[in-house]
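Everything numeric here is computed off the predicted structure, so don't read it as measured data. Start at 1 and go down the list; that is how both ligands and their atoms are numbered. What you see below is based on every heavy atom in this structure, not just the backbone, and it leaves out hydrogens, waters and symmetry mates.
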Amino acid sequence: MVTGGSAGLGIEIVSALVVAGFDIVIIGRSQERLESAGEQLDAILRWSGRRVKLVVGDVSDQDCVNRIFADLQGEWGRLDVLVNCVGISDRGRVEDLTGPRVRELIDANVLSALYCSQAALPMLRASQGVVVNIGSLSSKVGARYLGGYSLAKHALAGLTQQMRLEWREYGVHVALINPGPIMRDDAGQRYAGAGGDLPDSARLPAGGAKLKGMPPQKVAQAVVRAVRKRSPDIILPGYLRLLVAIGHALPRLGDWLLLKFTSPRP
Ligand SMILES: NC(=O)c1ccc[n+]([C@@H]2O[C@H](COP(=O)([O-])OP(=O)(O)OC[C@H]3O[C@@H](n4cnc5c(N)ncnc54)[C@H](OP(=O)(O)O)[C@@H]3O)[C@@H](O)[C@H]2O)c1
């Protein structure tokens, strides 16, 4: 099951899991987007002989999630992997962040993963399966001008670790993937009008952090790796784990590095 598998990173994760030998259920809100994803996946499905089922639903709505998983239990009777990929990013200054916006971000980035994981748990216990949550570098560090994104992705990181520790005794593994900016056709345009008087660079991918966008296929491969090797936590690109570790051990140096590598460009 891949939530948000009808676009962006999600569709690459679906492709990688199909190649790895899984039948997939994709959840998204727009039927049209799901159908277009189905068309994009057609060749790989023919080649692999795997199945993809498209399900319209909103994963931030708990009743809807429970219905989808009950249907899946009835129809397929088995779930090995849940990838919680649905999430939205944000731009803005902390002083402009509103309660309703924070709730939207928590709904999309955290509650969606919580509801789906809870609903999937009985099937995952039976299969000794895996949950993969898609976090971000913003699950690991704060950065300027990202609105409520770091807040929501840090909450997802905390939830993921707690799930991993508690569900270990059920044989269910829970992983967090933390990608930096991902290459996409609309990179740099998504936040063009966002966030009032922010520096222009803050509207760029990763809020203007000095990082090259990585191919989504690389992130999708990390998901497959987390499933196969039961990796707990993957940061992409990998060398940034050092920056995160420095920031935790030496916060003053961590802040200095973050300010330097995310500084507004002229
Ligand atoms: N893009 C990046 O550079 C980047 C970097 C690091 C981490 N990430 C993380 O990677 C994940 C995917 O990001 P993306 O940029 O690839 O996303 P995206 O292109 O915006 O695609 C989001 C997908 O989720 C679906 N979706 C959104 N809300 C939903 C809901 N409530 N219920 C069901 N489906 C929903 C969308 O379809 P519908 O709209 O039809 O529902 C779409 O299929 C997110 O968690 C994001 O935080 C992204």
Rounded to the nearest 0.5 Å, how far does CZ of Arg184 lie from CG of Leu9?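 Here the interatomic distance stands at 9.0 Å.
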
When you look for heavy atoms under 4.0 Å from ligand 1, do you find them on the side chain of Arg29, its backbone, both, or neither?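 For Arg29, backbone and side-chain atoms both sit under 4.0 Å from ligand 1.
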
Pair Gln221, Gln217 - check side-chain hydrogen bond (donor to acceptor under 3.5 Å, both in side chains), show working. CA-CA 6 Å; Gln221 284 310 319; Gln217 294 81 359; over 6 Å; no

So which heavy atom in the protein is nearest [atom], and how far is it from that ligand atom?
atom                    : value
atom 15 (O) of ligand 1 : Arg184 NH1, 2.8 Å
atom 11 (C) of ligand 1 : Cys85 O, 3.1 Å
atom 35 (C) of ligand 1 : Val86 CG2, 3.4 Å
atom 18 (P) of ligand 1 : Arg190 NH2, 3.4 Å
atom 43 (O) of ligand 1 : Ser6 OG, 2.7 Å
atom 10 (O) of ligand 1 : Ile134 CG2, 3.5 Å

Is it the case that over 12 heavy atoms from other parts of the model lie below 6.0 angstrom from the CZ atom of Arg230?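 Atom CZ in Arg230 is packed in, count exceeds 12.
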
Under a heavy-atom criterion of less than 4.0 Å, does [X] contact ligand 1?
X      : answer
Pro179 : yes
Gly135 : yes
Gly57  : yes
Glu32  : no
Gly180 : yes
Asp58  : yes

Below 3.5 angstrom, do we get any N/O pair linking [X] and ligand 1?
X      : value
Ala7   : yes
Tyr149 : yes
Leu9   : yes

Does a salt bridge link [X] with [Y], judged by any charged N lying under 4.0 Å from a carboxylate O?
X      : Y      : result
Arg101 : Asp96  : no
Arg67  : Asp63  : no
Asp233 : Lys140 : yes

Can a protein heavy atom be found under 4.0 Å away from atom 32 (N) of ligand 1?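 Under the 4.0 Å cut-off, atom 32 (N) of ligand 1 does have protein heavy-atom neighbours.
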
Is the shortest distance from atom 27 (C) of ligand 1 to a protein heavy atom below 4.0 Å?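 For atom 27 (C) of ligand 1 the answer is yes, since some protein heavy atom falls inside 4.0 Å.
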
Would you confirm whether [X], through its side chain, and [Y], through its main-chain N or O, come within 3.5 Å as a donor-acceptor pair?
X      : Y      : result
Ser36  : Glu32  : no
Ser139 : His154 : no
His173 : Ser231 : yes
Asp23  : Arg51  : yes

